[in-house]
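Here is the structure we will look at, set down as structure tokens.
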Amino acid sequence: MSQAATQLDQQVRATIPCTDPATGERLGEVPALTHDEVRDRIARARAAQTSWRRTSFAERRRVLAHMLEMLLEHADRLCEEICRDAGKTLHNAMLGEIWPLAEKLRWTIAHGETHLRSETVSSGLLQHKRARVEYHPLGVIGVITPWNFPLQNILGPTIPALFAGNAVIIKVSEWTSWSAEPFEQLLHRCLADCGYSKDLIQIITGYGDTGAALVSGGVDKIVFTGSMRNGKRVLEDSAKTLTPVILELGGKDPMIVCDDANLDQAAHAAVSGAFIASGQMCLAAERVLVFDAVYDQFVAKVQDITLRMRQDAPLSGKLVDVGAMTMPAQLEIVEELVKDAIAKGASLKAGGRRTKGKPSKHYFEPTILADVTDDMRIMHEETFGPVMSIIRVEGEDQAVRVANETAYGLSSSVFTTDPVRGRRIADQIVAGSTCINDWALMYMVQDLPFGGIKGSGFGRLNGREGLRACTNTKAVVEDRLPIHRAIKLFPGRRFDYDVTREGVRLLYSKGVAKKLDALVGLGKALRKRAMS
């Protein structure tokens, strides 16, 4: 590329054009930060964190309580910003972003100190010593978010990181960057009201190179949510500086519907799992495995619900069930997967194409594919769109086998009226979580950790584990008794090994005879050493 072309490319990429995906309206532009600008932000965050890390838990509760108050006070405006940037409905924004954040703030305020205060533990044989575990702030935590939940993805990791005493820098997706400024303004006002620097929480915008600059810029931990492909890139870059990461990389979650399930309950859960936020969720119920005995009834129920759903611009004033999709390239992926499935024999029960007659090209009809089989791409590739794929299974064994035949392992669900059966199936599913007779509800139980295994990543975001993931877990040993006698290991003496060996045998052998033998051996070794 010529120098002139390079300069032109840099000028174009200096800003991000922002568009409402539901209407096609051009919203404006936001800056795309350079590597140097990201480093400057990190330095500012580190300076702000030096005083914040010394605050008491009571003080941190005060700040989070004010944040909760502001979240509730401005909820309507925040939901509008979410809808304008991401294309989802107001109801989805309130249900999937404001409510979980309010609950996370409530839980952290109520229980955060319990999980982060120093813990006294046993010192074992060393009774002259005290031992404890301490949870110290890491420093600056970098967060890289996708576009599907603009506010939840920002505050979800920020709340535990902040309460643990860290500063936070969040790099948002270029596809939902318009809402970054109003969200940041609200957070900065919260910090200012409480007497703290706005640099404690910063939201930055940019393309992939801005996110890469955050990973390599000297932060103390990275929390990344996104695709498996991009997660591998983050992990590769973080390895160069040994920066620890939490990766939440999406899923291909199974929902198992047994022949004794309440079909109304299961059908509505499946519809929610497929179509909330136009299916653009890591927790989407992407594979619905239905027992043969109730298969036709279940398909008829979800088809009836789906065909009555309304799709339009969320802020149009109309009653809307499903809004627009956010990223244009994702529509291409969804369309390809649906076409591939139909070409290979899937039965189209609803939708199946881009929605015509809408104010933008970002709409895909709520779609149901029945009779999905293993040879179809949609069985294995993350759809991340408004598509429900239904698979017929004979019974428990096949359902579990198919559920586990995926590169992902984020979440899962099982529907049955038999509690024993529910537990039995849940225990066999390889995933970070399982809901029995509900879908994705574990995310609202803030005492539970959230995260996945296999291709869904590693590390946990919620609960005690999520809080402690934002800290340096430090072991401390100190005096219980003022014994200041030197333990002289050097220079060594003859028979040191024998004394130590017999001492270890005395402590850990089982049975009186073995202990007596070790005691005799210890006495002999001590005499030999004394005479040497």
Side-chain angles (χ1 to χ4, degrees), residues 33 35 38-39 41-43 45-46 49 104 116 135-149 152-174 201-251 282-283 382 407-411 431-433 443 448-474:
L33 272 63
H35 190 281
V38 173
R39 283 189 173 274
R41 295 296 192 97
I42 294 172
R46 199 167 296 285
Q49 192 262 346
K104 190 160 200 170
L116 293 185
Y135 301 95
H136 293 268
L138 287 170
V140 179
I141 293 182
V143 177
I144 301 176
T145 73
W147 34 264
N148 55 340
F149 286 79
Q152 160 66 26
N153 288 334
I154 289 171
L155 277 181
T158 295
I159 292 165
L162 193 68
F163 190 81
N166 302 288
V168 192
I169 300 178
I170 309 102
K171 190 274 176 187
V172 296
S173 168
E174 59 267 33
I201 304 174
Q202 301 177 56
I203 302 176
I204 61 176
T205 51
Y207 295 97
D209 50 351
T210 302
L214 185 61
V215 174
S216 63
V219 296
D220 299 287
K221 193 162 196 172
I222 287 288
V223 178
F224 174 83
T225 304
S227 69
M228 188 192 303
R229 182 186 62 181
N230 288 334
K232 290 178 179 179
R233 291 176 181 172
V234 169
L235 189 59
E236 182 179 358
D237 287 345
S238 69
K240 297 173 184 176
T241 54
L242 293 180
T243 303
V245 297
I246 294 175
L247 297 178
E248 197 274 272
L249 305 180
C282 57
L283 291 172
E382 191 173 25
Y408 295 94
L410 186 57
S411 187
S433 60
Y443 196 83
L448 290 175
F450 174 73
I453 58 174
K454 300 197 293 187
S456 291
F458 48 79
R460 295 297 182 260
L461 296 177
N462 287 353
R464 177 187 63 189
E465 291 80 2
L467 267 174
R468 291 179 177 177
C470 299
T471 67
N472 168 31
T473 304
K474 185 176 182 179

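Heavy atoms only: backbone and side chains are in, while hydrogens, waters and symmetry mates are out.
Summarising the geometry of Met228 relative to Ala407, their closest heavy-atom pair is CE-CB, 4.3 Å, with the distance given to 0.1 Å. In this structure, Tyr408 and Lys454 approach most closely via the heavy-atom pair O-CE, 3.0 Å. Shortest non-hydrogen contact noted between Gly156 and Lys104 is O-NZ, 2.9 Å. Closest of all the heavy-atom pairs between Leu467 and Thr471 is O-CG2, 3.8 Å. Looking at every heavy atom in both residues, Ser216 comes nearest to Arg39 through O-NH2, 3.6 Å. Pairing each heavy atom of Ser227 with each of Asn230, the nearest pair is OG-N, 3.1 Å.
Here the straight-line distance linking atom OG1 of Thr158 with atom CD of Gln202 works out to 11.5 Å at 0.5 Å rounding. Here the CD1-CD1 distance, from Ile144 to Ile169, works out to 11.0 Å after rounding to the nearest 0.5 Å. Distance check: Leu461 CG to Leu247 CG gives 10.0 Å after rounding to the nearest 0.5 Å. Atom CG of Asp237 and atom CG of Leu214 lie 11.5 Å apart (nearest 0.5 Å). Atom SG of residue Cys282 and atom OH of residue Tyr443 lie 8.0 Å apart, to the nearest 0.5 angstrom. With rounding to the nearest 0.5 Å, the separation of CG in Leu448 from CG in Asn462 is 8.5 Å.
Taking 4.5 Å as the limit, every side-chain heavy atom of Gln152 sits out of range of all side-chain heavy atoms of Thr145. Counting heavy atoms from C-beta outward, Lys221 and Ile246 have side chains that approach closer than 4.5 Å. Put simply, the side chain of Phe458 reaches to within 4.5 Å of the side chain of Val245, judged on heavy atoms. By the 4.5 Å heavy-atom criterion applied to side chains, Thr205 and Thr210 are not counted as neighbours. For the pair Ile154 and Val143, the minimum side-chain heavy-atom distance is 4.5 Å or more. Using a 4.5 Å heavy-atom cutoff, the side chains of Phe224 and Leu235 are not in contact. Between Pro157 and Val168 the shortest side-chain heavy-atom distance does not fall below 4.5 Å. Counting only heavy atoms from C-beta outward, the side chains of Ile170 and Val223 never approach each other to under 4.5 Å.
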Step-by-step side chain to side chain contact (heavy atoms under 4.5 Å, CB included) determination, Lys232 to Glu236: CA-CA 6 Å; Lys232 290 178 179 179; Glu236 182 179 358; over 6 Å; no

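Between the side chain of Gln49 and the backbone N or O of Asn166, no donor-acceptor pair lies under 3.5 Å. Judged by distance alone, the side chain of Lys171 and the main-chain N or O of Gly206 form a donor-acceptor pair under 3.5 Å. In terms of modelled atom types and a separation under 3.5 Å, the side chain of Ser456 and the main chain of Gly250 share a donor-acceptor contact. The backbone N or O of Thr225 lies less than 3.5 Å from no partner atom in the side chain of Asn153, so there is not a single donor-acceptor pair.
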For residues 135-142, dump all side-chain donor-acceptor pairs below 3.5 Å to protein atoms at least two apart in sequence or in another chain.
unit_1 : atom_1 : unit_2 : atom_2 : d
Tyr135 : OH     : Arg468 : NH1    : 3.3
His136 : NE2    : Glu134 : OE1    : 2.7

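Scored by the salt bridge (Lys or Arg N to Asp or Glu O under 4.0 Å) test, Arg46 finds Asp220 as partners (sequence neighbours excluded). Annotation: side-chain hydrogen bond (donor to acceptor under 3.5 Å, both in side chains) contacts of Ser433 (sequence neighbours excluded): Ser411.
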